Structures are given as structure tokens and as C-alpha cells.
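Written out below as C-alpha cells is the structure these notes cover.
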There are 2 protein chains.
Amino acid sequence: MLATMLADTATDWAAYARAVLVRAGHHRGAARERLIDLLARQNCALSAIEIEDALRRGRRGQRPVGRASIYRTLELLHAHDLVIRLDVGDGVARYEPAGPTSEHHHHHLLCDHCGRLVPFEDAALERSIEKLSDRLGFRTTDHEVTLRGDCPDCR
Amino acid sequence: MLATMLADTATDWAAYARAVLVRAGHHRGAARERLIDLLARQNCALSAIEIEDALRRGRRGQRPVGRASIYRTLELLHAHDLVIRLDVGDGVARYEPAGPTSEHHHHHLLCDHCGRLVPFEDAALERSIEKLSDRLGFRTTDHEVTLRGDCPDCR
DNA sequence: CAGAGAACGAGACCGAGTCTCACTCTTGTC
DNA sequence: GACAAGAGTGAGACTCGGTCTCGTTCTCTG
Ligand SMILES: [Zn+2]
Ligand SMILES: [Zn+2]
Ligand SMILES: [Zn+2]
Ligand SMILES: [Zn+2]
């Protein structure tokens, strides 16, 4: 039982995120709960608009989630490093779960042709970025790499 | 005379940009000319709004440059690789001159503390990104790397 | 259960960027 | 030079992510 739950990264991340927020002294509200559930369920980056669309229509008579709550919660999650904020330059911010118990750190290829966002991870790239920071004398807390080109489907 | 002109990268880029556009069959209009002059004069990235502010108040009875012309021209310059479009995630696009006669391809560090944008270039990074694309089987046309951290002044 | 204040939702608001359309200017042709 | 043809232009309406406000609702503690 417990083992299965812990093996489930989605449940795991949601639980972790809730724990972090409660420990930081936050109450639990409906909007937050639903947003965390939604994010935990998804495995690729979601834009704020997509989140809004998914949560606005509250199913089964649930009270719909307001836009302000969505942005507030995303900001809160981001402040606690529970979420990665991804900017690909099309004017919409995307968010995906992050933290100890979620997927690994990764980057993206943005397809020029179909607009799809393809995640990838590469240890060699990470190593060379780390070396780069040292070489330049920057103390970096984060980095973002975005490739543009044709995704496998569009070649 | 000519030597001094050619040594002046700003003049150089402006001339190059104009040549590219004319060769591509474009007419020369006042807005384009003024925008190219402005970009050539600047040496760091400029946001569209900053450009608009600089060109709206047409000095010496010049007709003011309209917003549409600014965005159109930036798009055109970008399509001809005469300008680099830089997105640091604050919701404003920044542009800087690019091409054979301007600065080299480079990337940026965004300071978490003072918000400054620090350009850097690094051959080793470029090499490892090239290798990365091959390894992943992507055909990439462009890439963007942004580091976040503390700039030299803020350490 | 009651009070304090955190969290919430509706909707007004903001602002970077897009679109439209009537007008102006550049350019090639005679 | 005069003259189309059509590229280029500018005012301003518009779009739409995202922010702010404010009165209401809920969560937690005692
Ligand atoms: Zn594609
Ligand atoms: Zn990385
Ligand atoms: Zn700084
Ligand atoms: Zn590069």
C-alpha cells in the first residue's frame, strides 16, 4: 500500500508539495488543493491558461477556481521551488512540478514547425554548464536552455 | 575616411542591414531607417517599448514612428537574422543587432539581485550544444542559454 | 464554537504586442 | 520629371496573458 503510493511519483510530489506549504505555515484552500492535484497528474509543462481552463469549469458542483488563485498559487509554489517556471518566448509562462521527488532537471526543444515542446535531459550538457559558470566566475542558482528546430515528428 | 567608417561597427552594421534588406527587394522607409540607426547606436539589448519611446517623439519636426512600424521592422530584421530576439521571462522581448559585422553570438546571465543582463560568450558551451543536438538527433536552428544568479557587481 | 486572518473568486484593470485601414512615400517605367 | 503600382507607414482599436482590488468564504487555533 504505502510502497505503491511512494512509488507513484505524482502522489509523491503532491504530498511533498502540501507538506512544504503546511510546514511554511500556510492554510489549505480548495483552489490550492485542486491545482496541486492537477499539476501532479500532468507530466509535461502546463501554461497558466491551460490550468485556468481545466479548473474554471468546476466539475460536480465544485466552486470554480478563480484566475487570481491560480496565479497566486503558482507564484507560491515557485517561491518554494515546488514548480519550475518555463519561458519559451511565446509570451506564455509554463509550469511543471519540480523538487526532490519529481522528475529530473531537464530542458526543452521547441519545434519551429508544430510548436510542440519536447523535453530532454543530458548529463554532459549539465556538466558543461557547471564548468561554464566556474570559468566565468558567476555564482548561478539556475539556468535555462532552449533549443529551437525540428522535432523528431516533423523532420 | 572609409577606413574609419568601416572600423565603426555601428555604421557597419547599419550599412549591412540596409544592404540585406534592399537586396531582398524591400523599399526604404523613414521608420525603418530611423530604427536601424537607433539599433546601430545602441550596444546592449533594447526592448520594443524602449525603442518606441525613443522614436515616438520625432525630433526636429520628423513624423513620429508608429508602433506598428516598430514591430513590423523588428520582425523583418529578425527574419533576416539582422537582430537577435532575447527573452528573459519578464514578458518583454529585447532586441540587439546581430550578423556578420556585429558582435559574436552570445548568451546572458540575468542577475537575481539587480536585474542586470550580463552578456558572455563561450566557445566550449557552443561546442557542447552542437554535440548535444547531434546526440539527441534534433536538427536545431537556434538555441538560447540563460543563466540566473549573481552578477560580478552583486557578489 | 467563535474570532482572526489566510485564502478565495469575480471582475476591473494593465500593458505588451497585433491588426486594420486609410494615407504616404519609394521605385521602376516612360 | 510625371506617373502608376504597391511597399511602407502611423493612429488607434483591439487581443489577451497577467495583475490588482475588494468583499466573501474558509481554515485553523484556542
Ligand atoms: Zn514538430
Ligand atoms: Zn540544466
Ligand atoms: Zn547584479
Ligand atoms: Zn550559443
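The model shown is predicted, which means the values in this text are computed figures rather than measured ones. So you know, we letter chains A, B, ... as the sequences are listed, proteins then strands, and number each from 1. FYI, side chains are in, hydrogens and waters are out, and symmetry mates aren't considered; it's all heavy atoms of this structure.
- For the pair B:Leu21 CG and D:dT9 P, the interatomic distance rounds to 10 Å; values are reported in whole Å.
- The two residues A:Ser133 and A:Thr140 come nearest to each other via the heavy atoms OG-OG1, 3.3 Å.
- Using a 4.0 Å heavy-atom distance criterion, B:Arg67 is classed as a base contact.
- In this structure, a donor-acceptor pair under 3.5 Å is absent between the side chains of A:Glu126 and A:His106.
- Taking only side-chain atoms of A:Ser69, from C-beta outward, the nucleotide of D:dG18, C:dA16, C:dG9 with the closest atom is C:dG9.
- The nearest whole Å value for the distance from the CD1 atom in B:Ile70 to the P atom in C:dA16 is 12 Å.
- In this structure, the nucleotide among D:dG17, D:dT9, C:dA16 sitting nearest to the side chain of B:Thr73 is D:dT9.
- Residues B:His105 and B:His143 have side chains that bring a donor and an acceptor to within less than 3.5 angstrom of each other.
- The distance from atom CG of B:Asp90 to atom P of C:dG15 is 15 Å, rounded to the nearest whole Å.
- In this structure, B:Phe120 and A:Phe138 have perpendicular ring planes: the angle between them is above 60°, well past the 30° mark.
- Closest to the side chain of B:Arg28, out of D:dT9, C:dT26, C:dG17, is C:dT26.
- Each of C:dC8, D:dG10, D:dG17 was ranked by its minimum atom distance to the side chain of B:Arg63; first place goes to D:dG10.
- Taking only side-chain atoms of B:Tyr71, from C-beta outward, the nucleotide of C:dG17, D:dG10, D:dC28 with the closest atom is C:dG17.
- Rounded to an integer number of Å, the gap from B:Arg72 CZ to C:dC25 P is 15 Å.
- As rounded to whole Å, 10 Å separates atom P of D:dG18 from atom CD1 of A:Ile51.
- Distances from the side chain of B:Ala48 to the nucleotides C:dG17, C:dG9, D:dT9 place C:dG17 closest.
- Put simply, CD on B:Glu52 is 14 Å from C1' on D:dT9, counting in whole angstrom units.
- In this structure, B:Glu75 atom CD and C:dC19 atom C1' are separated by 12 Å, rounded to whole Å.
- Residues A:Leu46 and A:Val118 are members of separate hydrophobic clusters, defined by side-chain heavy-atom contacts under 4.5 angstrom among Ile, Leu, Val, Met, Phe, Trp and Tyr.
- Within 4.0 Å of A:Ala68, counting heavy atoms only, lies at least one base atom of the nucleic acid.
- If B:Arg85 and B:His26 are placed on DNA chain C by their nearest nucleotide, the residue sitting closer to the 5' end is B:Arg85.
- Regarding B:Leu77, its CG atom lies at a distance of 12 Å from the P atom of D:dG8, rounded to whole Å.
- Annotation: of the two residues near DNA chain C, B:Gly91 and B:His27, the 5′-most nearest-nucleotide partner is B:Gly91.
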